[in-house]
There are 2 protein chains.
Amino acid sequence: MSVFSAVAEPHRRQILDLLREGEMSAGELVERMDLSQPGVSKHLKALREAGLVAVRVHGRRRVYALEPEPLEEIVDWLEPYRMLWSSRLDRLEHHLRENP
Amino acid sequence: MSVFSAVAEPHRRQILDLLREGEMSAGELVERMDLSQPGVSKHLKALREAGLVAVRVHGRRRVYALEPEPLEEIVDWLEPYRMLWSSRLDRLEHHLRENP
DNA sequence: AGGAAATATTTCTGTACAGGCATATGGGTG
DNA sequence: CACCCATATGCCTGTACAGAAATATTTCCT
């Protein structure tokens with residue numbers, strides 16, 4: 001599964017957002033989300049395979065940590081578009097400056 | 001369909017990439033892509049509904065233009081992650097790993 | 001060793017959706 | 001008006017995948 005697809009699923013984005021607060025066990029994620037335990041587990045598997053999270057076994061807990069690097073692929077893809085629309089905004093600014 | 005899902009499909013990303021070169025008719029897009037005409041047309045519909053492209057009717061042609069603004073939602077979502085990995089110097093590591 | 005806790009996996013069901021082909025629609029031209 | 005071109009839409013099939021419930025697995029604790 002591509003990083004793009006991994007991130008297309010709202011629950012998976014929510015998991016990543018939660019992990020931005022810091023490492024968290026699978027159970028803690030389940031508590032914080034409105035989704036069944038198997039559901040969360042399955043999404044965690046997808047995120048693992050996309051390289052977006054890393055697991056550390058701690059006792060019987062699995063502690064998950066954010067691994068944001070693969071997101072760079074999306075950032076890189078977006079880059080030319082950002083330039084596009086900022087140049088458009090520049091044009092708009094320019095236009096407004098000339099026609100107040 | 002969310003912007004995230006719209007962009008998750010490789011053919012749709014390809015369409016957007018092509019449109020970065022400038023406006024283009026549907027037929028021109030079909031010529032440039034390895035996908036049937038109906039296939040391209042369906043993806044164009046999805047992109048229209050996501051607000052990522054705009055159509056202009058010109059004779060019997062439909063001329064499509066890039067409308068990059070909705071991508072900002074993705075950029076905004078990514079922003080905290082960019083800060084995360086730049087603060088952790090993951091970005092530098094990544095860069096050094098690829099350019100030793 | 002036995003049981004409980006934490007998590008993963010399997011199984012099932014429904015749904016979404018991509019792709020191809022055939023067909024409809026709408027505008028342009030003779 | 002009849003015909004052609006460009007594009008959209010319908011229909012069909014296969015596949016991927018999300019969610020729920022039940023079950024398996026691993027590890028800790030006593």
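Chain letters run A, B, ... following the sequence lines, proteins first, then strands; residues in each count from 1. Being a predicted model, the structure only gives us computed values, none of them experimental.
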Q: Is there a donor N/O on one and an acceptor N/O on the other, under 3.5 Å, for the side chain of B/Lys45 and the base of D/dA8?
A: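 No, the side chain and the base share no sub-3.5 Å donor-acceptor pair.
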
Q: Nearest to the side chain of A/Arg62, which nucleotide is it out of D/dA18, D/dT9, C/dA8?
A: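 Within the option list, the nearest is C/dA8.
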
Q: Any side-chain N or O of A/Ser36 below 4.0 angstrom from OP1/OP2 of D/dA20?
A: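 Yes, such a contact exists.
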
Q: For A/Glu49 and D/dA16, what is the distance between atoms CD and P respectively, to the nearest whole Å?
A: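 Distance, rounded to whole Å: 14 Å.
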
Q: Measure from CD1 on B/Ile15 to P on D/dT7 and round the result to the nearest Å.
A: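 Answer to the nearest Å: 13 Å.
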
Q: Grab the NE2-P distance between A/His58 and C/dA6 for me, whole Å please.
A: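 A/His58 atom NE2 is separated from C/dA6 atom P by 14 Å.
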
Q: Can you figure out which of D/dG10, C/dT7, D/dC5 approaches the side chain of B/Lys42 most closely?
A: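 The answer is D/dG10.
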
Q: Using heavy atoms to find the nearest nucleotide of DNA chain D for A/Gly59 and A/Glu9 separately, return the residue whose nucleotide is more 5′.
A: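 Closest to the 5' end, via its nearest nucleotide, is A/Glu9.
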
Q: Ignoring hydrogens and angles, does a donor from either the side chain of A/Gln37 or the base of C/dA6 sit under 3.5 Å from an acceptor on the other?
A: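 There is none.
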
Q: So, B/Arg32 and B/Glu21, do they make that salt bridge, N to O below 4.0 Å?
A: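 Salt bridge between B/Arg32 and B/Glu21, a charged N being under 4.0 Å from a carboxylate O: yes.
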
Q: Counting the atoms with a prime plus P, OP1 and OP2 as sugar-phosphate, which does B/Gly39 contact under 4.0 Å by heavy atoms, base, sugar-phosphate, or nothing?
A: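 The residue B/Gly39 makes no contact with any strand.
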
Q: Looking at A/Val40 and A/Ala26, what are the two nearest heavy atoms and their distance?
A: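 What the structure gives for the nearest pair is CG1-O, 4.5 Å.
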
Q: Does a side-chain heavy-atom distance below 4.5 Å link A/Val7 with B/Leu78?
A: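 Answer no - side chains too far apart.
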
Q: In whole angstrom, give the distance that lies between atom CZ of B/Arg48 and atom P of D/dT7.
A: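 In whole Å, D/dT7 P and B/Arg48 CZ are 12 Å from each other.
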
Q: Using only side-chain N and O atoms of A/Tyr64, determine if any of them is under 4.0 Å from OP1 or OP2 of C/dA8.
A: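 Checking A/Tyr64 against C/dA8: at least one side-chain N or O falls below 4.0 Å of OP1 or OP2.
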
Q: So which nucleotide from D/dG19, C/dC17, C/dG27 ends up closest to the side chain of B/Arg60?
A: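 Of D/dG19, C/dC17, C/dG27, C/dG27 is nearest to the side chain of B/Arg60.
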
Q: What closest approach, in Å, do B/Arg48 and B/Ser41 show between heavy atoms, and which atom pair accounts for it?
A: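 The answer is NH2-O, 4.2 Å.
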
Q: Would you say a side-chain N or O of A/His43 is under 4.0 Å from OP1 or OP2 of D/dC17?
A: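 False: A/His43 side-chain N/O out of range (4.0 Å or more) of D/dC17 OP1/OP2.
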
Q: Rounded to whole Å, how long is the line connecting atom CG of B/Leu47 with atom P of C/dA18?
A: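 Value for this atom pair: 10 Å.
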
Q: Could you give the CZ-to-P distance, from B/Arg12 to C/dA16, as a whole number of Å?
A: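 Spelled out: CZ on B/Arg12 to P on C/dA16 is 15 Å.
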
Q: Can you measure B/Glu31 atom CD to D/dC5 atom C1' for me and round it to whole angstrom units?
A: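 Atom CD in B/Glu31 sits about 13 Å away from atom C1' in D/dC5.
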
Q: Which of these nucleotides, D/dG19, D/dG10, C/dA6, is closest to any side-chain atom of A/Arg61?
A: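 Closest nucleotide among those given: C/dA6.
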
Q: Measure CZ/B/Arg56 against P/D/dA6 and give the value in whole Å, please.
A: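 It works out to 17 Å between those atoms.
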
Q: Give me the atom names and distance for the closest heavy-atom approach of A/Leu19 to A/Ala65.
A: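 Minimum heavy-atom separation between A/Leu19 and A/Ala65: CD1-C, 4.2 Å.
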
